[in-house]
Every structure is written in C-alpha cells, then in structure tokens.
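Structure, as structure tokens:
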Amino acid sequence: MRVGRSAFCNCAMNVTFNLASELETALQDAAQTAGLEADALNTEVRTADPRHGDFQANGVLGYAKARKLNPRATAEQIVAALPEDLLARCEVSIAGPGFINFTFGADTLLDWLQKHDTVDHLKSGASAFYQGQRFVVDYSSPNTAKQLHVGHIRSMVIGEAICRMLSFCGAEVTRDNHIGDWGTQFGKLIWGYKNLLDENALQTDALEELERLYKAADAATKEDAATLDAARAELVKLQQGDAENLALWKQIIAISSSAFQKVYDRLDIKFDHEHGESFYRDQLARVYQELEETGLSSESQGALVVFHPEHPRFKTQPFIVRKSDGASNYATTDLATMLYRTEHFKADAIIVLTDTRQSDHFQQLWLTTVKWYAAKNYPLPRFEHVSFGSILGDDGKAIKTRSGDPIRLHALLEEACDRAYTLVSEKSPDIPEEERQEIGRTVGMGAVRYADLSQNRSSDYVFNWEKILSFEGNTAPYLLYAVTRIHSIFRKLDFDPATIETATAAAPETPNEQALARKLVGLAAVLNMTTEQLRPHFLCTYLYELAGAFSSFYSADKVLVEDEAVRARRLLLCARTLLVLETGLHMLGLRTLQRM
RNA sequence: GCACCCGUAGCUCAAUUGGAUAGAGCGCCUGACUACGAAUCAGGAGGUUCGGGGUUCAAGUCCCUGCGGGUGCACCA
C-alpha cells in the first residue's frame, strides 16, 4: 500500500549524513503520536534489497505479535503518523506481513550528494557514531626475536583498518603495539645466546642469528628437562633485574625492533605506543596483590591461579597469573595492561586483535577483569577480542614454506609488488618505468591487504597468489581500476574533481544514475555496521558494489556528452563516487592511484 | 574426554546476527570496443544452505541430535 507520494520539493533541505537514523527517530515519534508503546517498538531501520526500497523497518512484526495485533494495521497507524515533510521526500509503503519500506526521492539523493562534497564533510557526518569515545586498539603485537611472517599479517591489516574506520567515525583511537618482549621465549633466547652463539653470524645478520638461536634453544629445551629449567632460570633472572640478562635483553629488542619498523613503514602503520609486556613489569605486584586481596586468586600446584566456578570449563581450567617458579606470564601482563589502559588512557573500549586460538585466554582475562574491577570499584570499559582465522596453504593446513618454515612477511610483500609490477607492465607498457614500479607497489600491497580484509575475519582462508592478485571480482585491482577510470574522466576535462560545481547539477534520472546515487547514500549505514561489528569486510563488500554500480553506470550512461545539464549531473556522480571510493579504500589502509 | 568454531552453486566466498524470491566472483555458454580506459559491461545455465527432528507469522541464521573438518584445554604467547 502506498501511503506517501514522492512529491518534488524545491526548498533547501537539511539532509543528514545518516538517513537511516533519521528514519528511526521519525518512527519512534510516530509510534508515540499514534498512541503505541513507543519504547517497546524496535525502530531499527536497515538497508533494504533495492527491489523493495532504500531502507526497511521490520520492528512492527515483533511488536504486533507480542500484543496479538494485526501487524499491517499497526504499521498503517505508524505510517499515518509520520511527519508530512518526511512523506514529501520519501515514499513509504507497507509490504508483506508488515514490513515498512522507505524509498527516498531523487531530490533527496541530490541534496545528499551536494552536501557531502569532501572527506571532511563525510567525516563530520560519520563522527556522530563514536564522538567522544576513547578506544585503545592492540594489534600487530609480535614476539621479539622472531621475524614477522604471514601469520602476523591479519592482526596488522585488520587492526589498522579498524583503527582508521573508528577514527573516521569520531572515535579517539590509541594504537598500541603490545610487543611480546618479556615472556618465556626470552629465557630460551638468553640461554641460547649464552650457550650456542655464533659471533660471526651475529655480525653478519643479527636478526637471522637470533632466530636461529631461538629455534636451537627451543629444540634443546624440548629434548632435555635440565635445559628447560636452565632457560626458565634465565627468565627469572631477567625478570628479577639481573644486569647481564637485562643488557642482553636490550640488545635483542633493538635488533628486532628495527626489523619490525621496516615492515610497518611499508604497510603505512604507525603506532602511538609500543608498550610491550616489559613496560608493565613494575605494575605486576599490584595485580597479584589485588587479586589475592579480593579473594579472586588461589594457590594451585604452586602457581597463583584464578578459577571461574560458574563457567563450564574455567571452573577447572585455571587462569595462571603467576607461575610456580615465581615468574609472570601472559596473563599477568595482560591484567596489568588492562588496568593501565583503563587508568592511564581512560579507555571506554579496548580492542585486542589476535587469532582465534587465543579465545580461551581472552575469555578468562575478561571474566577475571570483570570480577576484579567490580571488587575494586573500577570503571569497566567495553572489551572486544577481535579474533580471526588462520591463513592456510593449498593443502588446507597452516601456510609454510616448502622447508616448513613460516613465510617471512617482507618476502611476501616483495613478491606481491613484483607480481603486480609484471601485470601492470603487460597492461600499460606506455607508462614510464618508474611510475610502473610505484603502481606495482600500490597494487601489490593493496591486493594483499584487500584479500585479507574482504573476507569475514572469523574464518580461515586459503592463501593463493592467483586469487590474491586476480584482477577480477572482489579484489583491490578492480576497485583501484574504477578509481583510475574516474580520474581519467576529470583528466580529460583538465580539472580537479574536488572543485566541481555542483549547484547546477540536477537529480539523478536514469536507472543507473539512481542506483549509483542510492549506493553512495548508503555509506553511513555501512560504516555503522562495520564499526559496530568490527568487521572490515562489510565495508569491502560495499565498496565493491559501489564500484560495480559505477561500472554499470559508466558503460550505460556516457558522461562527457554535449548536453550540459546531463553532463553536470553525471559529473557530480563521478566526483562523489571517486570521493567515497577513495575515502573507503584509505580507511581500509589502501593507497589509490590516478592511473594504472 | 570437555569446550568452542566451521560445513552455503563444480571452486572461492557473501547473506546487515531471526526478515521478503539465498547473492557475488572464478570457471562454462551468449552478446557488446570507429563511445569518456574491454583490468570493463549486459545476459544465461548452475542450490534439498551436510543429514534428521524442533521452536514461530518468518530459519542458512536459534534449540536438540547424527556425520564430517578445525582449534583450545597447568605453568607458551
């Protein structure tokens, strides 16, 4: 049933960035006006299948059901109470068992496009989502003494994208690289350094030698219990402040951190802090003390542990906060870290990115934190363990080199850029060599990043060069190509898309123009969803669909036509598509290109 | 043994967390460059959403169960 008419309205309208939230407010008010229990109505509006409209509200179904009302009749009551000015801009209909569908008129689409003309304007619209909220995001977090390998990439790439998205949406984001520089591996490494060091190798390639030492020491501790004890003793000495071990430790940190930095630079990742585990070493005593004082911890087999009796598993599976030899571990530093982030950073939310195998640990950490904070009356932040699956090889098992070693990240990125360069050289041999190199780097890095981001992080994924560097489908090259085609149009006209005159442009008309405009307006809803669930693949899917809508429009509706009015309105669409595509890709951590 | 995750087109993946006729890409088939970049676009074929029960206006999604795969479980992180 059609209730409103999409009448044209020439008055200047206050178009909001987030049309869905505008509808939600209107529904809430209408329910009130209609005399319904407005608070009990779920007014959530979601983006709809284009066949049904721009947005749909389904809350009436549940509301009517619970009260034994006719859902369609209830929907009609609400729709009848919607304000006139909304009905003038938006066609509202009731369909099926009681869905309320909303389709905005072309003039509203035009208003939105005119108003959201720069990154800053998009950003100020989006900032309503997380304005004033402090987020601490803990990602990358490698272990010192090991090189970065493929297994580290998801935390970095997904973590960085989440930071950028949240920041775009108004959050105050603190990036913290929680380096593993104080754990058991140092016992092994120091033992190895003292017993197995090859001085020459250390001079030639320090990082390589450290890695060899760690592996050799690790193997030795597995073979011999006495060696394991010796390695543990080295860790205890370090943690107690032994001068020799501290000096060694500092040397090791310096070597590995300079290697990490090279990869971070390459990936455009820059941390605000690198508070590794060692940073918390003098804050651990307080953790032990408060856990004991509040009665949360207990002694078990010589270790200090926390059990959670209400939990099916953690009632017997301990959360070990101090080892029987007195050394701290992951749990101890993580508890201290939690405290530091709440007290020092005053975090409203803490996000930690690690693979899904660490889920137990973070569940125990959180259960413990909740009780601890309650007992001490500390303000409890929101906490999210953003977990992700593993990267698999063609055999379906964790990816490795032929020799069984992990694939080094710098080598992987190098190969991606080389392969992309080769492809660019095939497709665009006329572009100068130096620029092709640069394009290769942008496409290669983008392809690796996008392949990781475009998939739901929860599942494992199979790493495959053909798929990652494929130039078809939901890939970085497809999106980058769409961007370059738009740049190409403006290059032809010889003007900057940011300076386009939009006031004279008319509303989108053809089916492809309208579909593209509607897609653009959907940005707000996608940002909301992707940051709410901390899943960048929603943004990827959106950008892919946007690029697809543009490609269809581009091939159906010629932009550079004689008719000035037609050309103006199509150029506006091009400019805004470019803006949203580039803004979205930058949010994901990709760079974009003028041509490729 | 206990617990968690996963099973969707031949393949790789989506599906706004319970919403309308389950969607894309690859591959296969048919079309479109004397048109702003064909790394593109338009169209076609392809499904008992692992099997079986259940919950309700509505189930790929929730509950129970069976099968298959993965992961974690005392001093690693």
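Below, chains carry the letters A, B, ... as their sequence lines are ordered, and counting in each starts from 1. All values reported here derive from a predicted model rather than from experimental measurement.
In this entry B/A20 has no Watson-Crick or G-U wobble partner, no candidate having both defining distances under 3.5 Å. With a cut-off of 3.5 Å on both pairing distances, B/U55 has no Watson-Crick or G-U wobble partner at all. When both distances must be under 3.5 Å, the Watson-Crick or G-U wobble mate of B/C2 is B/G72. In this structure B/C36 sits in no base pair that meets the Watson-Crick or G-U test at under 3.5 Å. Across all strands shown, B/G27 forms no Watson-Crick or G-U wobble pair with both key distances under 3.5 Å.
Distances shorter than 4.0 Å separate some side-chain N or O of A/Gln455 from OP1 or OP2 on B/C13. At B/U16, none of the side-chain N or O atoms of A/His537 fall inside 4.0 Å of OP1 or OP2 (strictly under the cut-off). At the phosphate of B/C76, OP1 or OP2 sits under 4.0 Å from a side-chain N or O atom of A/Thr184. Between A/Arg485 and B/C36 there is no side-chain polar atom (N or O) within less than 4.0 angstrom of OP1 or OP2. When the side-chain nitrogen and oxygen atoms of A/Arg535 are compared with OP1 and OP2 of B/U17, none of them lie within a distance under 4.0 Å.
Within 6.0 Å of atom CZ in A/Arg567, more than 12 heavy atoms from other residues, nucleotides or ligands are found, so the atom counts as buried in its surroundings.
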Quick one: what's the B/S/- string for nucleotides 2-10 of chain B, heavy-atom cutoff under 4.0 Å, read 5' to 3'? -S-------

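Ring planes of A/His361 and A/Tyr330: parallel class, angle under 30° (limits at 30 and 60°).
Residue ring and nucleobase are stacked for A/Tyr554 and B/C36, with a centre distance beneath 5.5 angstrom and an angle between planes beneath 30°.
The minimum heavy-atom distance linking A/Lys315 with A/Phe307 is given by the pair O-CD2, 3.4 Å.
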